[in-house]
Amino acid sequence: MIGKLEAIAKKIRIETLKSLTAAKSGHTGGSLGLADVFTVLYFHQMRHNPSMPDWENRDRLILSIGHVAPVLYSSLALSGYFPIDELQSLRKLNSRLQGHPGRNHGLPGLELSAGSLGQGLSVAVGMALAAKHKNQQHNIYCITGDGELQEGSIWEAAMSAGHFHLDNLITLIDRNGVQIDGSTEDVMALEPLDKKWEAFGWDVFHCDGNNIADLIKTYNKAIKKKGKPKVIIAKTIMGKGVSEIEGNYKWHGKAPNKKELEVFLKYLS
Amino acid sequence: MQNRGKISTKVGFGKGLKNAAYSNENLIVLGSDITTSVGVNIFVEKFPDRFYSLGIAEQNTVGVAAGMALSGLIPVFSTYAVFSSMRTLDQIRISLCYNNLNVIIGGAHAGISVGPDGATHQALEDIAALRALPNITIISACDATQTEIATMKAISEINGPVYIRFGREPIPDFTSKNQKFEIGKAQIILNGGDVAIIATGSLVWESITAANYLEKKGIKARVLNIHTIKPLDIESIIKAANECGALVTAEEHQITGGLGSAVAEVVVKNNPIPIEMVGMPDCFGESGEANELMEKYKMNSNAIVDAVIKVIERKKL
Ligand SMILES: [Mg+2]
């Protein structure tokens, strides 16, 4: 199973890179770093049905960091929500694949228009609270960045999730340690991150966000625990899979050109 | 038009919510600590299981409302208008408007008439801030009865985010309990032809008072109640401009970006006639009693009469 999922993660990386090159702009580093997380969520963890995107009992993925849209789009396309060819329309005029996700363009499988940091977790809390209110059994998965945690509204959301004991909410922090101006700890220190979330009433888990087996194990552990919202602090490497990009925050907001794409695809295969 | 006595429009909002809740089980109220002072306590007492307290955290509350709306509920987020419209502006823009979600935002204690609390709590920019956002509906009804009817209508016909603005100070309650109320369609209260007074919220009654005074001076005014700022009833405004040849706008809000600006945008494109604007003149308010502030900052019937006389002079030129 792990081998199969690793092959999917590679496909997601390849499609993500190809779409970014076609778009000529976009966020490469974060998108590649999250490919393993998206693989586990869309191809193992979440209950969802690409032929029924509006199925009421589906698990929901709320992507708070809208700028990694390319990895979300690749995952949705490879899941079967829309044709893989459509990934080439990323960021282009009249496309359903907006630079940051926009539901008004009608892309199936997209749960939220997002792109302004710090808002997604609140929406996920609202969905989790609504599911409790309606006695529904599905889970809400949220993905936040680490630099994003500097937004104050994140902590308002964290406080409310703890207050309502939303154990149907599992948030994953993309802990790649970097943001546009450099290391998160230099720009505005986040540590000790686990103690902060614990203090807000969350169960905290750590894992290697680029290790499929570890992600599966950690999500399993998190799902089983009841009574509190869960946060997974997932250590990831920005640009994972392409050594030239790995850990290099200059690739945060840049797309590979055609030549670079050729080289990168060779690394991946 | 008969004044049945003074009632705060926030009472209308609370009653409207409570009435709508009987027929709509998806209606949920989110609290921001001040449930009693923003009128939603009437709902909470009746439907405690449909109320969630989110504390003093307005940005999160808007996001939570978005998540609930995406799950098929109709959440109501109501707090003082200064916070519900402006502290949360980015959340309203992206999480509510861009996603185009069915959420009711209550703008309580709107306007300068909140009085002694002073400038921090006097929402005079909320319409301007929200009017620029696509997909939003903005309602500013003229009395408690109309606010109640508008709130019920907004919930039963909801199709995207709705901002409902209301005040704390009791004002004359005069509109009919059986009135025909259509979102986006101005109410013509008086049908004179010398000048049109286009008003919203608490200044509609002041406009009627002004019109009655002006009639004795031989000036017949039309009074339009713009209870929906967005979408604006462009047709009625152009008709008033064409038939009256001069307009006065009146609002308890900054002139900059408010109803006056919205009306001017329509008029200059169609029939550029003289307009005078009654409203807050690009400054902050201060502490004082409601009537003292409305007099000092020229947002009452006296100010409307002065504006009418001035605009009719300009019309003659
Ligand atoms: Mg980061």
Side-chain angles (χ1 to χ4, degrees), chain A residues 53-62 64 66 98 100-106 110-136 138 140 142 144 151-166 168-169 200, chain B residues 21 24-33 47-77 79 83 87-105 133-136 159-161:
Chain A
D54 298 324
W55 176 40
E56 210 183 336
N57 298 319
R58 72 191 184 279
D59 289 336
R60 272 91 166 152
L61 175 73
I62 293 300
S64 194
Q98 294 292 297
H100 292 79
R103 284 170 68 248
N104 55 332
H105 296 269
L110 192 59
E111 299 286 1
L112 182 71
S113 310
S116 178
L117 294 179
Q119 297 192 24
L121 187 59
S122 297
V123 177
V125 169
M127 283 184 162
L129 198 52
K132 293 266 182 200
H133 181 81
K134 295 169 140 192
N135 250 320
Q136 294 172 327
H138 59 263
I140 313 298
C142 180
T144 75
E151 292 281 5
S153 58
I154 286 281
W155 300 99
E156 292 184 6
M159 193 184 283
S160 64
H163 177 81
F164 291 112
H165 306 284
L166 298 176
N168 54 350
L169 171 62
F200 279 80
Chain B
N24 194 330
E25 60 171 21
N26 286 326
L27 196 70
I28 299 281
V29 167
L30 304 179
S32 296
D33 194 41
F47 303 97
D49 296 343
R50 284 152 69 179
F51 170 73
Y52 291 95
S53 164
L54 271 300
I56 309 170
E58 296 83 3
Q59 298 169 76
N60 180 51
T61 305
V62 171
V64 168
M68 288 184 149
L70 282 163
S71 311
L73 300 172
I74 303 175
V76 177
F77 157 60
T79 185
F83 309 130
R87 189 188 196 98
T88 52
L89 191 55
D90 187 38
Q91 279 79 10
I92 292 177
R93 176 172 178 263
I94 300 296
S95 287
L96 298 191
C97 291
Y98 191 34
N99 282 286
N100 198 17
L101 299 178
N102 295 342
V103 173
I104 302 281
I105 308 163
L133 296 176
N135 294 342
I136 202 167
N159 179 25

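In what follows, chains carry the letters A, B, and so on, assigned in the order in which the sequence lines appear, proteins first and then strands, with residues in each chain numbered from 1.
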- Short side-chain donor-acceptor distance under 3.5 Å, D90(B) and Q59(B): no
- Message: At a 4.5 Å cut-off on heavy atoms, which part of I94(B) comes close to chain A: side chain, backbone, both, or neither?
- Response: both
- Task: With the side chain counted from C-beta on, respond yes when L96(B) and I105(B) share a heavy-atom pair under 4.5 Å apart, and no when they do not.
- Result: yes
- Message: Using only non-hydrogen atoms and a strict under-4.5 angstrom cutoff, which residues of residues 53-62 of chain A touch chain B?
- Response: none
- Message: Please enumerate all residues that pass salt bridge (charged side-chain N to carboxylate O under 4.0 Å, His left out) together with E25(B), with sequence neighbours excluded.
- Response: none
- Item | Top contributor to chain B contacts, counting heavy-atom pairs under 4.5 Å, from N104(A), I140(A), L121(A), V123(A) | V123(A)
- By a 4.5 Å heavy-atom criterion (distance strictly below it), what part of L101(B) contacts chain A: side chain, backbone, both, or neither? side chain
- Tell me, side chain or backbone of I154(A) under 4.5 Å from chain B's heavy atoms, or both, or neither? neither
- S113(A)-N99(B) side chain donor-acceptor pair, cut-off 3.5 Å: yes
- Task: Flag the one option from R50(B), R93(B), E58(B), Q91(B) with the top tally of heavy-atom pairs under 4.5 Å to chain A.
- Result: Q91(B)
- Message: Under the rule for salt bridge (charged side-chain N to carboxylate O under 4.0 Å, His left out), what residues qualify as partners of E156(A), not counting sequence neighbours?
- Response: none
- Side chain, backbone, both or neither: which part of E111(A) has a non-hydrogen atom closer than 4.5 Å to chain B? backbone
- Note on the structure: Of all heavy-atom pairs linking P161(B) and C97(B), the shortest is CG-SG, 3.9 Å
- Task: Work out which heavy atom in F47(B) is nearest to a heavy atom in A21(B); give both atom names and the distance.
- Result: CE1-CB, 3.3 Å
- By a 4.5 Å heavy-atom criterion (distance strictly below it), what part of H138(A) contacts chain B: side chain, backbone, both, or neither? neither
Which donor-acceptor pairs under 3.5 Å do the side chains of residues 124-133 of chain A make with protein atoms, sequence neighbours left out?
residue	atom	partner	partner atom	Å
K132(A)	NZ	D167(A)	OD1	2.6
H133(A)	ND1	Y52(B)	OH	2.6

- Message: To the closest 0.5 Å, what do you measure between CZ (F77(B)) and CD1 (I28(B))?
- Response: 16.0 Å
